[in-house]
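Take a look at the structure below.
Lettering follows sequence order; numbering is per chain, from 1. Just so you know, these numbers come straight off a predicted model, no measurement behind them. Heavy atoms only: backbone and side chains are in, while hydrogens, waters and symmetry mates are out.
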Number of protein chains: 2
Amino acid sequence: MSVPARATSPSGSGSRPAARQPAPRAAPPAARAATRADVARHAGVSTAVVSYVVNEGPRRVAPETAARVRAAVEALDYSPNVAARALRMGSSEMLGLVVPDITNLFFAELAHAVESAAAEHGFLVTLASSGSDVDLERELVADLAGRNADGLMVSTVLTPEALTALPAPRRPTVLINVSAPFAGYAAVGSDARQGAYDLVEHLLGTHGHTSVALVIGESTERLPEPRERGFVEAFAAHGLPPGPVVRTAFSRTGGYDAVRRILAWRHRPDAIFLSSDQQASGAYRAVREAGLECPDDVALIAYDGTSQSAFSWPPLTVARQPVEAMARAALQAVLDPVNAPAHQQLPTELVVRRSCGCPSPPSPTA
Amino acid sequence: MSVPARATSPSGSGSRPAARQPAPRAAPPAARAATRADVARHAGVSTAVVSYVVNEGPRRVAPETAARVRAAVEALDYSPNVAARALRMGSSEMLGLVVPDITNLFFAELAHAVESAAAEHGFLVTLASSGSDVDLERELVADLAGRNADGLMVSTVLTPEALTALPAPRRPTVLINVSAPFAGYAAVGSDARQGAYDLVEHLLGTHGHTSVALVIGESTERLPEPRERGFVEAFAAHGLPPGPVVRTAFSRTGGYDAVRRILAWRHRPDAIFLSSDQQASGAYRAVREAGLECPDDVALIAYDGTSQSAFSWPPLTVARQPVEAMARAALQAVLDPVNAPAHQQLPTELVVRRSCGCPSPPSPTA
DNA sequence: TTGAAAGCGCTAACAA
DNA sequence: TTGTTAGCGCTTTCAA
C-alpha cells in the first residue's frame with residue numbers, strides 16, 4: 001500500500017513559493033499519552049504519590065519527592081485523563097450548557113457569560129447547541145449527563161408538557177431563559193413582561209405614540225407570552241386598546257418579513273416592537289428598503305439588547321436582558337441546587353437610544 | 001429512607017407575587033444513575049449482553065433476550081456513562097472545537113457549521129472559547145484531549161512560534177481559520193489574500209476608486225497578513241500606490257474608532273475595507289454619526305460575510321468566508337489525519353451588495 | 001511520608 | 001447465544 005502523496009495545497013504565500021516539502025506532518029497520529037503509572041515509574045514513586053502531587057492533596061508529600069514527580073510530569077508531558085477522573089469521582093468540574101442556536105448573538109453572549117461565571121468557580125463549560133431540535137436537545141442533555149457533567153443548564157425548546165414527561169434529570173439542572181418555573185426544575189429568566197411593559201410604556205408615555213405593533217415569535221412556553229402581556233398591559237395603563245400582533249419566526253428574516261407586511265398596512269403604526277434583536281435586524285432592513293426613516297417614519301424598539309444593538313443605525317432602544325446576572329444565577333442554582341429558588345426572574349434594563357425617537361447617545365459604548 | 005416529596009414549583013404566572021413556598025425542589029439531587037449492572041440484573045442477563053444490545057454489537061443477541069434488556073433499560077431509565085466508555089475505548093465520539101470568541105458571529109457560524117458537519121458523522125462537538133487568552137487556550141486543548149476527544153479543531157491565538165514549541169498533540173489536531181500551514185498541524189483556512197484582492201479590485205476596477213483605506217486587526221499570524229497582501233496587490237495591479245492602513249482591534253469598537261479617525265483625515269478615502277464583519281459594524285455607526293452616507297460619501301467593504309452582513313443598510317459587500325467548506329475540510333482532516341493535506345485554503349466568495357456602490361439586491365436572502 | 005490495592009462503568013476477548 | 005472477567009486511568013482508604 002502506498003501512502004497517498006501528501007498534496008500540500010499551493011499556499012499562496014506571496015513571498016515564498018508554495019511549500020512542496022517532503023510531506024509536512026499534517027496531524028500527528030496520537031502517540032500514546034503518558035499515564036500516571038508512567039510518571040510514577042519515571043519518578044520512582046507509587047501512583048498514589050503522583051496523585052497527591054498532581055492534585056495537591058489529600059496527603060502531604062515530601063518536597064523533594066514532589067519535585068521528582070513534577071520533573072517526571074514535565075519530562076513525559078503528562079496530563080491527566082479527565083475521563084478517568086470523571087469516572088472515578090463521578091464528577092468532572094464541568095458543566096453543560098445547551099442552547100437552541102449559538103448563531104443567535106443573544107445565546108452566544110449568554111454562553112459567554114456562563115463560561116466566565118463558571119470559570120470563576122473553576123468549572124469548564126461544555127456548550128452544545130440543539131438547533132431547536134427537540135430530539136437533539138434530549139440527546140445532548142443525556143450525553144452531557146453521561147459525561148458526568150456536574151450540572152446542566154438548558155435553554156430548552158421543549159414544551160412544559162414534554163419537559164415534565166421527562167425522567168428526572170440525574171444532575172442538577174436549571175432551565176435558563178424561561179419566564180416561568182417548571183415542576184422539578186430550577187429556572188432563571190428575565191422579567192420579560194416588565195421589560196416589554198417598560199419599552200412600550202416609553203413609546204406610549206414619553207413619545208405619545210398610540211399605535212404600536214408587536215412582532216413576536218412562536219414560543220414553546222406557556223401562553224400568553226410575557227412580552228405580549230407586557231405589551232398589552234402598557235396599552236391598558238394608558239387606557240388604549242392593544243396594538244396589532246404579528247407572529248413570525250424569531251429570526252432576522254422573520255423580522256424582515258413581518259415588518260414588510262406591517263409597513264404595507266393601510267394605517268402604518270407609529271412604532272414596532274420587535275421581540276428579539278434578531279428580528280430587529282431584519283426590521284431595519286425592511287424599513288430602509290421601504291424608503292422610510294427610523295424613528296421619524298416608524299420607531300423601532302426591541303427585546304434582548306445584545307452588543308450589536310448599540311451599533312445599528314439609528315442605535316436601537318432596547319430592554320436589555322440581564323445576561324450576566326442570569327448566568328450567575330443559573331450557575332448558583334446549579335452549584336447549590338438545594339437552596340436554589342424555583343424561579344428567579346431578573347429585571348431587564350431599559351436602554352434608551354435613538355430608534356424610539358430619543359436623542360442619540362454620544363457613542364456606542366453608551 | 002423516604003423518597004423526597006416532589007414539590008412542584010409554583011407555576012409563576014406573573015400575576016402572583018414571587019414564590020416564598022416551602023422550598024420547591026429546585027433541581028433534583030442526583031438519584032444514583034442506573035448502571036449497566038443494574039440493567040443486567042433487572043433483565044436477568046449478564047452485563048455483556050446489555051453491552052451487546054445497547055451497542056448493537058459486536059455479538060448477536062437473541063431477539064427476545066434483547067427485548068428484555070430493552071425493557072429493563074426503559075424501566076430503569078438507563079443511559080450509558082459516556083465517561084466510562086470513553087475511558088475504556090480511548091475515544092468518545094466527540095470532537096473538540098476551540099475558538100477565541102463565540103460572541104463573534106463569524107466564530108459562532110463556524111462553530112455551527114462544525115457541529116452540523118460532525119453530526120453527519122455521528123460526532124458530537126464540545127465547544128470551548130478561549131477569550132483570546134493564550135493560557136486558557138492551552139488549558140482547554142489539554143482538557144479536551146484528556147476527555148478523550150477524538151480530535152481537536154482549534155482557531156488558535158498562539159503565534160506560530162508558540163505553537164511549534166508545544167508538545168505534539170495527542171489527538172489529531174487541525175488548525176482552523178489560519179492562512180498558512182504550521183509544522184506538525186493540518187490547517188484549513190480561507191484564501192484571505194484572494195478574497196481581499198477581489199474586494200479591492202472590485203472597488204478599483206468596477207467603481208474606479210483610487211483611494212481605499214484598510215482597517216485591519218493585529219494578527220498573531222505570520223506577517224504580512226494575507227488580507228493586507230491582497231489589498232496591496234490589487235493596487236499594484238492597477239498601477240496604484242497602496243492605500244493607507246489602520247491597525248486596530250478586531251472588534252466593533254475597533255472598527256468604529258478606526259473609521260472615525262479615517263473620516264477626520266484631510267483627504268477622506270473613497271472607500272474603506274474592513275477586515276471583519278465586526279469592524280464593519282462599528283464602521284457603519286461611525287459613518288452615520290459623521291453624517292455621511294454610504295456608499296455615496298464612502299463605500300464600505302468587508303471580509304467575513306456573516307449572515308448579518310446582508311441585513312446592514314446599505315447591505316454590505318463582502319468576501320464571504322467559506323464557513324461550511326472550512327468546517328467540512330477541518331472535519332475531514334481530523335477524522336482522517338493521515339491523508340489530510342498540510343494546508344487547505346478555500347476560496348471566498350465575492351458577494352456584491354450595495355455598500356460598495358452597486359445596485360442593491362432585491363432581498364436579504366441574496 | 002509512601003505504597004498497595006480496590007473499584008468507578010464500560011467493552012470485548014475468551015470460555016462455556 | 002450468553003457469561004466471566006480483565007483492565008482502561010484515576011483517587012483514596014488502609015497498611016506499612
Side-chain angles (χ1 to χ4, degrees), chain A residues 30 32-69 72-73 76-94 142-143 145-150 170-171, chain B residues 30 32-69 72-73 76-94 142-143 145-150 170-171:
Chain A
R32 189 178 89 56
T35 72
R36 182 221 46 188
D38 298 323
V39 176
R41 205 171 310 118
H42 193 271
V45 298
S46 77
T47 61
V49 173
V50 178
S51 249
Y52 300 153
V53 347
V54 169
N55 305 330
E56 306 184 326
R59 294 264 157 292
R60 286 187 43 78
V61 172
E64 66 167 33
T65 315
R68 252 185 13 258
V69 171
V73 164
L76 301 180
D77 183 35
Y78 166 76
S79 78
N81 182 315
V82 190
R85 180 201 296 241
L87 174 57
R88 170 66 220 231
M89 308 286 277
S91 116
S92 57
E93 303 283 86
M94 184 266 285
D143 184 272
R147 297 198 133 88
N148 288 322
D150 293 323
R170 296 267 149 56
R171 299 287 176 169
Chain B
R32 191 178 85 59
T35 72
R36 181 221 48 188
D38 298 325
V39 176
R41 205 170 310 120
H42 190 101
V45 298
S46 79
T47 60
V49 173
V50 178
S51 248
Y52 301 152
V53 172
V54 170
N55 304 332
E56 305 182 329
R59 294 263 157 294
R60 286 188 43 79
V61 172
E64 67 168 30
T65 315
R68 242 173 36 246
V69 171
V73 165
L76 301 179
D77 183 35
Y78 167 77
S79 78
N81 182 316
V82 189
R85 180 199 297 237
L87 174 58
R88 170 66 220 230
M89 308 286 278
S91 117
S92 57
E93 303 283 88
M94 184 267 285
D143 184 272
R147 297 198 133 88
N148 288 322
D150 293 322
R170 296 269 149 52
R171 299 290 177 167

Could you check whether Thr65(A) gets within reach of a base, just the sugar-phosphate, or nothing at all, counting any heavy atom under 4.0 Å?
-> sugar-phosphate
For Arg85(B), report the nucleic acid contact type (base, sugar-phosphate, nothing); a contact means any heavy atom under 4.0 Å.
->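 Answer is sugar-phosphate: Arg85(B) comes under 4.0 Å of backbone atoms only.
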Within this structure, what is the [atom1]-to-[atom2] distance between [X] and [N], rounded to whole angstrom?
{"X": "Arg36(B)", "N": "dG9(C)", "atom1": "CZ", "atom2": "P", "value": "9 Å"}
{"X": "Met89(A)", "N": "dA6(C)", "atom1": "CE", "atom2": "P", "value": "20 Å"}
{"X": "Arg59(B)", "N": "dA16(C)", "atom1": "CZ", "atom2": "P", "value": "16 Å"}
{"X": "Arg41(B)", "N": "dG3(D)", "atom1": "CZ", "atom2": "C1'", "value": "15 Å"}
{"X": "Leu87(B)", "N": "dT11(D)", "atom1": "CG", "atom2": "P", "value": "12 Å"}
{"X": "Asn148(B)", "N": "dT11(C)", "atom1": "CG", "atom2": "P", "value": "14 Å"}
{"X": "Glu64(B)", "N": "dT1(D)", "atom1": "CD", "atom2": "P", "value": "12 Å"}
{"X": "Arg60(A)", "N": "dT2(C)", "atom1": "CZ", "atom2": "C1'", "value": "13 Å"}

Can a side chain N or O of Asn81(B) be found less than 4.0 Å away from OP1 or OP2 on dC8(C)?
-> no
How long is the gap from CG on Leu76(A) to NE2 on His42(A), to the nearest 0.5 Å?
->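 These two atoms lie 5.0 Å from each other.
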When rounded to the nearest 0.5 angstrom, what distance separates CZ in Arg88(A) from CG in Leu87(B)?
->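 Taking CZ in Arg88(A) and CG in Leu87(B), the distance rounds to 12.5 Å.
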Nearest-nucleotide 5' precedence on DNA chain C, Thr35(B) against Ala62(A) |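 This one resolves to Ala62(A).
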Whichever of Ala48(B) and Tyr52(A) has its nearest DNA chain C nucleotide further upstream toward 5' =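 The answer here is Tyr52(A).
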Got a donor-acceptor contact below 3.5 angstrom from the Arg147(A) side chain to the Val82(B) backbone?
->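 Not confirmed, Arg147(A) side chain does not pair with Val82(B) backbone.
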Is there a donor in the side chain of Asn148(B) and an acceptor in the side chain of Arg171(B), or the other way round, less than 3.5 Å apart?
-> yes
Which one, dG7(D), dC10(D), dT2(D), comes nearest to the side chain of Pro80(A)?
->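 Looking only at side-chain atoms, Pro80(A) lies closest to dC10(D).
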From dT12(D), dG3(C), dT11(C), pick the nucleotide closest to the side chain of Ser51(B)?
->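 Out of dT12(D), dG3(C), dT11(C), the nucleotide with an atom closest to Ser51(B)'s side chain is dT11(C).
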Intermediate values then yes/no, side chain to side chain contact (heavy atoms under 4.5 Å, CB included), Thr65(A) and Val49(A) = CA-CA 9 Å; Thr65(A) 315; Val49(A) 173; 4.1 Å; yes
Between Val54(A) and Thr47(B), which has a closest nucleotide on DNA chain D that is more 5'?
->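 Counting from the 5' end, the first nearest nucleotide belongs to Thr47(B).
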